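Because the structure is a prediction, the values reported are computed rather than measured.
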Amino acid sequence: MLLFSTVRSLKKHLKTLQKGSKGLGFVPTMGALHEGHLSLLRAAKRRGLVTICSIFVNPTQFNDPKDFEKYPITTEQDLAKLRAMGCDLVFLPSVKEIYPSGTTNKKTIDFGFLATTLEGEHRPGHFDGMAQVVERLLRITEPDYLFMGLKDYQQQLIVAQLISYRNMGVKLVSLPTLREKDGLAMSSRNVRLGKDARRKAVSLHKELNYVAAQISTLKIQNLEAVSQKLEAKSLADMIGKYTSASKVRLIKKGFEVEYLEARNAKTLSFPESIREKLVVLVAAKIDGVRLIDNVVVGK
Ligand code: AMP
């Protein structure tokens with residue numbers, strides 16, 4: 001496994017790299033690696049790609065400075081995990097390497113509603129920073145495939161837009177969320193959960209499953225009974241009933257719920273027809289730790 005900390009040294013190496021017949025697979029991360037991250041790398045290796053992983057805690061995507069300060073850094077363990085997995089290249093740049101002319105006043109892409117709703121609404125500027133760093137990393141590494149997790153559902157939709165807007169040749173591969181045995185989505189932030197909060201955190205996944213199951217039932221009933229097709233308004237009311245019930249249960253357990261909503265799985269717009277493919281998404285804080293998760297309806 002080769003380690004690079006400067007853009008120059010990495011680019012020099014990539015110029016002469018024999019990518020093999022399959023190409024280069026890139027897994028960008030912010031470190032504190034867990035099995036979720038490693039599953040992306042594993043998928044890249046299974047495809048026979050040369051693999052590159054980056055570890056960079058991107059300051060421009062943190063709207064809350066405290067969250068940035070508290071972000072776990074476990075570089076030595078991360079490198080040991082990547083080495084054990086057979087990762088070929090690791091990029092560990094400094095902030096100066098990625099943002100040579102500073103982190104402020106960067107040109108941003110307007111992703112419209114996709115980036116202003118849900119996470120975009122609750123974490124202003126987050127997606128601008130995320131898109132900045134992903135674009136810079138893609139320009140540096142020039143991979144054939146980019147591996148991302150569906151855990152960050154809205155993020156991977158925006159990255160797909162970014163690739164299309166910028167006409168980049170890279171193919172985005174979005175992979176399922178890896179979960180702990182009890183269902184909690186793996187996240188670098190989970191290590192910050194106290195014992196009680198960790199026990200309660202599983203409720204997020206349970207409530208997502210509850211809402212998704214209710215919507216699935218609604219879909220089956222209404223698709224069968226064509227004559228009783230649901231109007232957009234009553235669909236919103238029905239879904240609202242399920243999400244409200246879930247939110248109340250979470251709040252009773254001590255969660256501060258930022259959102260829990262069912263949206264169109266491609267556009268994140270509000271559902272208008274029972275025939276749409278939907279995703280249920282949640283963001284909530286417990287014990288001062290902000291967690292996100294989602295479940296695609298019918299999966
Ligand atoms: P992060 O280090 O949190 O920026 O995540 C780096 C990549 O790993 C992103 O594409 C995430 O979506 C993905 N990822 C994070 N957690 C998981 C998980 N539990 N399962 C699958 N992928 C994940």
#### Entry: Full working for side-chain contact (heavy atoms from CB on, under 4.5 Å) between T103 and V95
CA-CA 8 Å; T103 52; V95 173; 4.0 Å; yes
### Task
Apply side-chain contact (heavy atoms from CB on, under 4.5 Å) to the pair I109 and D128, showing each step before the final yes or no.
CA-CA 7 Å; I109 299 176; D128 287 338; over 6 Å; no
### Message
Under the criterion side-chain contact (heavy atoms from CB on, under 4.5 Å), I'd like the reasoning laid out for L260 against L250: C-alpha separation, chi angles, the key distance, then a yes or no.
### Response
CA-CA 10 Å; L260 196 170; L250 288 172; 3.8 Å; yes
### Task
Decide side-chain contact (heavy atoms from CB on, under 4.5 Å) for V279 and L150; before the verdict, give the C-alpha distance in whole Å, the side-chain angles of both, and the deciding distance to 0.1 Å.
CA-CA 11 Å; V279 56; L150 286 166; over 6 Å; no
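Within the 4.5 Å cutoff, the side chain of E207 has heavy atoms near those of the R249 side chain. At least one side-chain heavy atom of P100 sits under 4.5 Å from a side-chain heavy atom of R136. With contacts defined as side-chain heavy-atom distances shorter than 4.5 Å, the pair V297/K277 does not qualify. Side chains of E135 and R166 form a contact here, defined as non-hydrogen atoms less than 4.5 Å apart. Side-chain contact check for Y210 versus Y242: some heavy-atom pair is nearer than 4.5 Å. Considering only heavy atoms from C-beta on, L218 comes within 4.5 Å of L235 through its side chain. Using a 4.5 Å heavy-atom cutoff, the side chains of L114 and Q161 are in contact. The shortest side-chain heavy-atom distance between L146 and V27 does not fall under the 4.5 Å cut-off.
A side-chain donor from one of S9 and T6 sits under 3.5 Å from a side-chain acceptor of the other. E119 and Y259 are linked by a side-chain donor-acceptor pair at a separation below 3.5 angstrom, with hydrogens and angles left out of the test.
Both I55 and L38 are assigned to one and the same hydrophobic cluster, defined by single-linkage of ILVMFWY side chains at heavy-atom distances under 4.5 Å. M186 and I73 sit in two unconnected hydrophobic clusters of ILVMFWY residues. Membership requires side-chain heavy atoms under 4.5 Å apart, directly or through other members. V173 and V296 fall into different hydrophobic clusters, where Ile, Leu, Val, Met, Phe, Trp and Tyr side chains are chained together by heavy-atom contacts under 4.5 Å. Residues L208 and V289 are members of one and the same hydrophobic cluster, defined by side-chain heavy-atom contacts under 4.5 angstrom among Ile, Leu, Val, Met, Phe, Trp and Tyr. No path of Ile, Leu, Val, Met, Phe, Trp and Tyr side chains, each step under 4.5 Å between heavy atoms, connects V50 with F147, placing them in separate hydrophobic clusters.
Residue V282 forms a side-chain contact (heavy atoms from CB on, under 4.5 Å) with just one option from V211, N294, L204, L118, and that option is L204.
A distance of 5.5 Å separates CG of L193 from CG of L291, quoted to the nearest 0.5 Å. Taking SG of C53 as the start and CG of L82 as the end, the distance is 4.5 Å to the nearest 0.5 Å. Between the CZ atom in R198 and the CD1 atom in I286 there is a gap of 11.5 Å [rounded to 0.5 Å]. Interatomic distance, OH of Y165 versus CZ of F111, reported as 7.0 Å (0.5 Å rounding). Taken to the nearest 0.5 Å, the OG atom of S54 stands 9.0 Å off from the CG atom of L92. For the atom pair CD1 (I140) and CG (L14), the distance works out to 10.0 Å, reported to the nearest 0.5 Å.
Looking at H37, its side chain does come within 3.5 Å of a backbone N or O of H34 through a donor-acceptor pair. The backbone N or O of G31 sits less than 3.5 Å from a side-chain atom of T29, completing a donor-acceptor pair. No donor-acceptor distance shorter than 3.5 angstrom exists from the side chain of K285 to the backbone of E256, with no hydrogens or angles considered. Judged by distance alone, with hydrogens and angles left aside, the side-chain atoms of T117 form no donor-acceptor pair with the main-chain N or O of F113 at under 3.5 Å. The backbone N or O of F270 sits nowhere less than 3.5 Å from a side-chain atom of N264 that would complete a donor-acceptor pair. Put simply, the side chain of T243 gets close to the backbone of I239: a donor and an acceptor are under 3.5 Å apart. Of the possible polar contacts, none joining the T51 side chain to the G25 backbone as a donor-acceptor pair under 3.5 Å is found.
The residues R189 and D67 are annotated as salt-bridged, a charged nitrogen and a carboxylate oxygen being separated by less than 4.0 angstrom. The pair R42-E35 meets the salt-bridge criterion, with a side-chain N (NZ, NE, NH1 or NH2) lying under 4.0 Å from an Asp/Glu carboxylate O. A salt bridge does not link K266 to E276: none of the charged nitrogens lies less than 4.0 Å from a carboxylate oxygen.
In plain terms, the two heavy atoms of T177 and A185 that are nearest each other are CG2-CB, 3.8 Å. The nearest pair of heavy atoms linking F255 to A284 is CD2-CB, 3.9 Å. Of all heavy-atom pairs between P93 and F56, the closest is O-CD1, 3.5 Å. What you find for G120 and F127 is that their closest heavy atoms are N-CE1, 3.6 Å. Looking at every heavy atom in both residues, R290 comes nearest to R123 through NH1-CD, 3.4 Å. Across every non-hydrogen atom of P271 and A262, the tightest pair is CD-O, 3.3 Å.
Under the side-chain hydrogen bond (donor to acceptor under 3.5 Å, both in side chains) criterion, N58 pairs with T60, Q61, Y99, not counting sequence neighbours. Under the side-chain hydrogen bond (donor to acceptor under 3.5 Å, both in side chains) criterion, D196 pairs with R199, K200, sequence neighbours left out. The ring pair (Phe, Tyr, Trp, His ring centres under 6.0 Å) check on H205 picks up nothing, with sequence neighbours excluded. In terms of the side-chain contact (heavy atoms from CB on, under 4.5 Å) criterion, residue partners of P124 (sequence neighbours excluded) are, by chain and number, N63.
Sorted by first and then second residue, the salt bridge (Lys or Arg N to Asp or Glu O under 4.0 Å) pairs with a member in residues 73-98 form an empty list; sequence neighbours excluded. Identified under the side chain to side chain donor-acceptor pair (under 3.5 Å) test for residues 142-158, with sequence neighbours left out: Q156-S174.
Taking the six-membered ring where tryptophan is involved, the planes of F62 and Y71 are perpendicular, since the angle between them exceeds 60° and thus also 30°.
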